[in-house]
Amino acid sequence: MDKEDIKEFGTVENQGIQTISIIGEIEGHDCLSQNTKTTKYEHLLPMFAEIEQNETIKGILFLVNTVGGDVSCGLALAEMIASISKPTVSLVIGDSHSIGVPLAVATDYSFIVPSATMIIHPVRMNGMVLGTPQTYSQFQQIQDRILGFIASHSNAEKSKLEELMMNTSMLSRDLGTVLVGKEAVVQGLICEVGGINRALAKLKTLIS
């Protein structure tokens with residue numbers, strides 16, 4: 001993948017800093033409607049491999065504004081981000097919902113703007129679901145994978161994350177918790193409240 005391919009997917013390289021946008025819905029194994037703004041994980045995976053090997057790229061800034069999406073593919077992207085050896089910083093600028101939470105916390109340092117939100121809620125599944133103990137066990141395993149990743153890449157405790165996930169008092173048609181700006185910092189998910197200037201300044205500090 002050359003520089004023109006990288007730029008095609010909404011990224012800009014400047015002074016050794018690569019900026020990558022994670023926006024819309026994380027498209028995974030199924031294709032979404034052409035009217036849906038998506039981040040396609042099959043595009044980002046080879047891009048991350050290219051960035052890891054590109055000596056001219058010194059650090060990566062991730063701009064996050066996602067409503068979530070495919071769990072397994074979002075978690076795969078988060079694991080890739082977490083394993084990049086170069087300095088990484090994330091900035092939540094709109095929303096970081098559902099599987100967007102692991103994506104936001106996967107970097108070395110994270111920021112959130114004051115008006116941005118993060119939503120933690122239980123795993124959902126589309127299509128036919130069998131009402132069996134095995135189905136519940138599978139759901140629990142998926143949730144444990146997600147919460148385990150978040151807890152290991154942030155200052156949030158897994159028990160507290162489970163409490164936020166099963167909250168019944170906030171969302172009208174779902175379980176879960178909405179965290180706005182500073183609340184995400186208080187809960188230990190995000191390192192600091194700030195915008196693009198502070199995120200870039202932090203990334204440059206990590207690079208140097």
Side-chain angles (χ1 to χ4, degrees), residues 21-28 32 36-39 41 62-79 81-82 88-127 129 131 135-196 198-199:
S21 299
I22 299 177
I23 59 173
E25 189 168 349
I26 307 301
E27 185 179 83
L32 298 174
T36 303
K37 186 72 72 174
T38 64
T39 293
Y41 91 110
F62 291 91
L63 302 178
V64 182
N65 186 7
T66 176
V67 295
D70 190 292
V71 169
S72 67
C73 298
L75 201 54
L77 290 175
E79 290 283 9
I81 293 171
T88 56
V89 168
S90 65
L91 172 61
V92 180
I93 53 176
D95 300 307
S96 184
H97 297 175
S98 189
I99 200 62
V101 177
L103 289 166
V105 306
T107 54
D108 298 324
Y109 203 86
S110 56
F111 289 86
I112 185 170
V113 297
S115 63
T117 65
M118 303 183 79
I119 294 182
I120 301 175
H121 64 73
V123 173
R124 304 188 188 98
M125 188 172 292
N126 296 325
V129 177
T135 300
Y136 173 80
S137 178
Q138 181 186 8
F139 271 59
Q140 189 63 48
Q141 183 187 56
I142 295 171
Q143 289 181 178
D144 286 342
R145 288 166 58 203
I146 295 171
L147 295 181
F149 182 92
I150 296 172
S152 64
H153 291 86
S154 70
N155 293 319
E157 296 183 1
K158 187 176 180 182
S159 59
K160 182 60 179 179
L161 292 171
E162 290 175 337
E163 180 182 329
L164 296 173
M165 178 179 281
M166 298 302 174
N167 180 20
T168 61
S169 63
M170 180 171 284
L171 301 178
S172 61
R173 293 185 297 174
D174 198 0
L175 302 178
T177 301
V178 181
L179 301 172
V180 182
K182 188 177 179 180
E183 294 173 348
V185 178
V186 172
Q187 294 296 340
L189 286 173
I190 298 296
C191 300
E192 191 176 333
V193 174
I196 186 67
R198 297 178 72 174

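All values derive from a computational prediction rather than experimental measurement.
There is no side-chain donor-acceptor pair under 3.5 Å between Thr66 and His97. Using modelled atom types, one finds a donor on one side chain and an acceptor on the other under 3.5 Å when comparing Ser90 with Thr107.
Between Ile119 atom CD1 and Ser96 atom OG the span is 10.0 Å, to the nearest 0.5 Å.
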Side chain to side chain contact (heavy atoms under 4.5 Å, CB included) between Ile23 and Val67, intermediate numbers included | CA-CA 8 Å; Ile23 59 173; Val67 295; over 6 Å; no
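When all heavy atoms are compared, the tightest approach of Leu189 to Ile120 is CD1-CD1, 3.7 Å. Scanning both residues, Ala156 and Leu161, for their nearest heavy atoms gives CB-CD2, 3.8 Å. Contact detail for Ala106 and Ala78: the closest heavy-atom pair is CB-O, 3.5 Å. Of all heavy-atom pairs between Val92 and Ala116, the closest is O-CB, 3.6 Å. The nearest pair of heavy atoms linking Leu77 to Leu103 is CB-CD2, 3.7 Å.
Listed by chain and residue number, Tyr109, Phe111, Arg198 satisfy the side-chain contact (heavy atoms from CB on, under 4.5 Å) test with Glu192 (two or more places apart in sequence, or in another chain). Taking the salt bridge (Lys or Arg N to Asp or Glu O under 4.0 Å) definition, one finds that Lys182 meets it with nothing, sequence neighbours left out.
Side-chain N or O atoms of Ser110 include one that pairs as donor or acceptor with a backbone N or O of Cys191 at under 3.5 Å. Side-chain N or O atoms of Glu79 include none that pairs as donor or acceptor with a backbone N or O of Ala76 at under 3.5 Å. Listed for the Asp108 side chain is a donor-acceptor partner under 3.5 Å among the backbone atoms of Thr88.
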